[in-house]
Amino acid sequence: MSNFRYDEKTAIVRPAGQAGSTAARSTQEWRALDAAHHIHPFSDTSALNGAGSRVITKAAGVYVWDSEGNKIIDGMAGLWCVNVGYGRRELADAAYRQLQELPFYNTFFKTTHPPIIELSALLAELAPAPFNHFFYCNSGSEGNDTVLRIVHQFWLAQDRPTKKIVISRHNAYHGSTIAGATLGGMSYMHEQMPSKVENIVHINQPYWFGDGGDLSPAEFGLRCAQELETKIKEVGADNVAAFIGEPFQGAGGVIFPPDTYWPEIQRICRKYDVLLCADEVIGGFGRTGRWFSHQYFGFEPDLITLAKGLTSGYIPMGAVGMHDRVARVISESGDFNHGLTYSGHPVAAAVAIANLKVLRDERVVERVRSDTGPYFQQALREALDANPIVGEIAGAGLVAGIQLAEDKATRKRFANGGEVGTICRDFCFGGNLIMRATGDRMLLSPPLVITHVEIDELVDKATRAIELTAEKIGFA
Ligand code: PXG
């Protein structure tokens with residue numbers, strides 16, 4: 001399949017048939033070239049170049065290999081996306097076939113093509129009943145830009161042009177385009193933007209461990225949701241178009257809202273005629289053991305943003321799924337003036353179909369729900385509940401956020417938030433484990449095809465990193 005060969009001994013990738021050619025490079029050479037020409041996302045370039053990037057050269061299943069030959073268990077599924085695991089031949093073959101058959105054609109100008117037709121029908125089959133229409137783009141960020149366009153058009157088409165405000169949450173992540181980052185609640189991103197998109201406001205996140213005070217989780221969930229009602233009243237329901245939220249916050253730290261939160265958010269949205277948008281970029285395609293994480297939390301959004309697991313990250317693709325009541329309005333309101341050259345790209349669509357068929361036909365989502373998900377959640381709790389620096393373990397299915405904290409009983413977090421998480425992350429590096437840190441929350445979101453044995457390895461390595469961290473800061 002590949003024109004490149006991986007040399008097990010040197011851990012170097014070489015063009016096939018050219019062992020030892022100049023195209024093969026050492027880690028040092030790769031790092032030097034990377035430093036010379038590549039600006040990395042969300043990175044301090046000079047600090048990174050000083051330390052040198054880790055060069056990942058191949059992957060299979062739940063493992064990646066670096067250019068030094070280290071085999072690393074990928075507890076983050078790439079960047080929350082490689083749901084079917086690495087190296088699935090079906091996806092590569094689908095791309096190859098489609099590249100030969102029809103590598104590109106657009107879906108503008110009264111045109112369509114078989115891959116995007118088949119993908120749309122398949123998504124309609126897999127998504128909950130009222131989601132039968134999909135608009136395509138290339139990423140989660142573009143998906144959320146698209147959500148803004150749809151929401152605006154939805155109200156405009158119904159002669160309610162004042163409904164423009166979209167309410168989001170602090171510490172949400174909705175992407176890095178200007179609109180995506182404005183929707184997100186990451187202030188460090190806002191600080192570097194020339195301006196924000198208008199008519200976007202934020203309320204607090206449902207982060208009980210940090211902000212719950214003396215309230216029970218259930219009370220706190222209700223109180224956070226009711227902030228939405230307060231905000232709607234403050235700006236006027238006639239001015240509010242939509243609320244958007246990740247069913248659980250991913251990049252923000254795998255923050256699982258209390259059970260009371262989403263039903264109350266839904267009640268408020270319905271009461272004030274506000275569209276409810278679920279950003280399923282991380283939660284979609286099986287992560288919680290349901291096809292979509294809004295199903296896990298028991299609510300029914302009007303729009304869903306999709307990306308990442310749609311193609312398992314093998315090729316870029318994003319989409320927005322519309323509830324019938326939204327699709328009807330958008331379909332019947334004349335031109336929708338939005339689209340991207342690669343909206344519905346045939347190769348991405350072919351890969352998405354192959355990916356979704358793996359998830360469906362191998363019953364991967366069901367397995368996460370009834371087998372590997374519960375096994376993973378239980379293993380984490382057994383290993384870490386008694387650890388002196390573990391404050392809470394949040395999650396479901398194959399996603400978890402492990403809060404490192406000074407005192408579990410009082411939910412006291414460490415001063416200098418993030419330092420302890422960084423120490424732990426460094427131990428993960430040393431232990432050939434990829435586990436992400438957001439502040440002092442350690443995050444796991446492995447490929448959904450992970451086995452029990454691999455879960456044991458993942459949990460052992462994560463536990464070891466956390467134990468070493470506890471020792472280092474004097475808590476062991
Ligand atoms: N919505 C959510 C919920 C996301 O997690 C996006 C939208 C944007 O998707 P694109 O494809 O435009 O990146 C995301 C992306 C991290 C991290 O550090 C998370 C994401 C992206 C980059 C880093 O956890 N999520």
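First listed ligand is number 1; within each ligand, the first listed atom is number 1.
For R441, the salt bridge (charged side-chain N to carboxylate O under 4.0 Å, His left out) partners are E392, not counting sequence neighbours. Every residue meeting the salt bridge (charged side-chain N to carboxylate O under 4.0 Å, His left out) condition with E300, not counting sequence neighbours, appears here in chain and number order: R325. The salt bridge (charged side-chain N to carboxylate O under 4.0 Å, His left out) test applied to E227 returns no partner, not counting sequence neighbours.
Aromatic ring pairs are classed by plane angle as parallel below 30°, tilted from 30° to 60° and perpendicular above 60°; the pair H338 and F336 is perpendicular.
Within 4.0 Å of ligand 1, protein heavy atoms belong to L79, W80, S139, G140, S141, N144, Y173, H174, G175, E246, A251, D279, V281, I282, K308, R436, listed by chain and number.
The shortest distance between side-chain heavy atoms of I315 and H345 does not fall below 4.5 Å.
At distances below 3.5 Å, not a single donor-acceptor pair connects side-chain atoms of Y314 with backbone N or O atoms of N355.
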